[in-house]
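These notes are about the structure you will find just below.
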There are 2 protein chains.
Amino acid sequence: MAQTEGAEKAGTRAEMREETERQILDAAEVVFAEAGFGGATMQAIADACGLPKANLHYYFSSKEKLYRQVVERIFTIWLEAADSFETEAAPEVALRRYISRKMQLSREHRYGSKVWASEVMHGAPIVQDYLETTLRTWTETRIAVIRRWIDAGAIRPVDPRWLLYMIWATTQHYADFAHQIEVLNHGALSDAQWTEATDTVCGIILRGIGLNGGRTGP
Amino acid sequence: MAQTEGAEKAGTRAEMREETERQILDAAEVVFAEAGFGGATMQAIADACGLPKANLHYYFSSKEKLYRQVVERIFTIWLEAADSFETEAAPEVALRRYISRKMQLSREHRYGSKVWASEVMHGAPIVQDYLETTLRTWTETRIAVIRRWIDAGAIRPVDPRWLLYMIWATTQHYADFAHQIEVLNHGALSDAQWTEATDTVCGIILRGIGLNGGRTGP
DNA sequence: AATAACCTTGACTGATTGGTCAGGTCTGCT
DNA sequence: AGCAGACCTGACCAATCAGTCAAGGTTATT
């Protein structure tokens, strides 16, 4: 009974193991996001997913290993979203889609975003290599794309780096500073507000680099 | 000798106490920023300012009290910078000055910004009341100012909230994600890069809300 | 049914950490 | 000089936490 816990359907051994690991990772993501790596305790994570602490150590040999897997999972999701920055599309289309996707991610993966932010803020002790390899490569290809747009006169000449940082900062702010935003908003953002915020962010950035990004005419 | 430590000039008792407290707060700011509240240890802070741990407890009764003072000091600096958003100036002047000031703050108070970000990310357990009073009031007055600009047709109609969040996010990103930026940049940003980033951020945002914010013509 | 492999868990441990305290030192004042 | 009050600190707790372990339970396979 203990193994076929709750409402989950029993599957093969491998499926059940995967399911349990996912539950632990989900709980760990929230706890790490809310307390930071140092402030999080294995007991708190165990409580959050209703498992005894010793069981966590059966699936993840150490707190650091568990944390590493949480961060790696976030990075994977980030990478998938990064693909929505299509290098072949027109700047207006590519940027609008990328910004929208990142806003959606901030809404759906608030805790993941916070863990990533926390990790980078603390000097990326775990994911330093990702920054130097995957992220750097991705960034350089996108910088090249933006440069081409500039050379073609499609957008105003701005250093692509500052533009990318602006997009990352603005979109991730809605996850990382969600608490502050919700205090100022007297509650969580509504569907309409998320849409409006996304449109506004797209509008300002696109218009800011010389595109007629707004919904209404110039 | 222990009391007239290092190169500091001896002053009155009160001055020396203030000086020591400042040293501790400076060290604590860095340690809290780099390790988070939970990951920071009093011993690490003590080492960072070259004082025995017991001495820290003489000046600050508990880790939480020390942390609170660090956060309060940051909030004060933030408030002073917030004054550079002059409510009487033209939108282009007010916004450009405010953004520039915030960029400068990100450069000069990286650790403070990180502590604030961390505090808010974890649900503002210490500064919740500041968010609900001071920050909310400040934000509401600036929203009113921006609304007036919109009504006067000075800037395009955008919800002032999303604009403010964009400014906060973008400027603070240069402090909170400094590590990531420096990895991608292969080193710290130069004076010229800071100036260029500031100009670009100002340019995109001002242009994005319908002002001719760039240095060059339209 | 027997067996081996896998999973679960309460109880335990060594190490770390926030905080305390007694006894010492220094400073300013009379 | 002598005293009171402020300051300093090594040594010391009690609590907490990551990680261990042995014993028991469950499942798949033959």
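In what follows, chains are A, B, ... by sequence order, proteins preceding strands, each numbered from 1.
When distances are taken from the side chain of Met42(B) to each of dC8(D), dG10(C), dG18(C), the shortest belongs to dG18(C). For Asn55(B), counting side-chain heavy atoms from C-beta on, the closest listed nucleotide (dC8(D), dG10(C), dT20(C)) is dC8(D).
Comment: Arg22(B) does not engage Glu18(B) in a salt bridge, judged by the lack of any side-chain N to carboxylate O separation of less than 4.0 angstrom. Between Asp83(A) and Arg97(A), none of the side-chain N atoms (NZ, or NE/NH1/NH2) sits under 4.0 Å from a carboxylate O, so this pair counts as no salt bridge. One finds a salt bridge joining Glu182(B) and Arg110(B) here, because a Lys/Arg side-chain nitrogen approaches an Asp/Glu carboxylate oxygen to under 4.0 Å.
Residues Glu86(B) and Tyr98(B) have side chains that never bring a donor and an acceptor to within less than 3.5 angstrom of each other.
Within 4.0 Å (heavy atoms only), Ala46(A) reaches no atom of the nucleic acid at all. Note on Ala44(B): nothing from the nucleic acid sits closer than 4.0 angstrom, heavy atoms only.
Classified by interplanar angle (parallel below 30°, tilted 30° to 60°, perpendicular above 60°), the ring pair Trp138(A)/Trp78(A) is perpendicular.
At least one side-chain heavy atom of Tyr67(B) sits under 4.5 Å from a side-chain heavy atom of Val115(B).
At least one side-chain nitrogen or oxygen of Arg17(A) sits closer than 4.0 Å to the OP1 or OP2 atom of dC7(C).
Scanning residues 56-74 of chain A for heavy-atom distances under 4.0 Å to DNA chain D yields His57(A), Ser62(A), Lys63(A).
Protein atom NZ of Lys53(B) is 13 Å distant from nucleotide atom P of dC21(C), rounded to whole Å.
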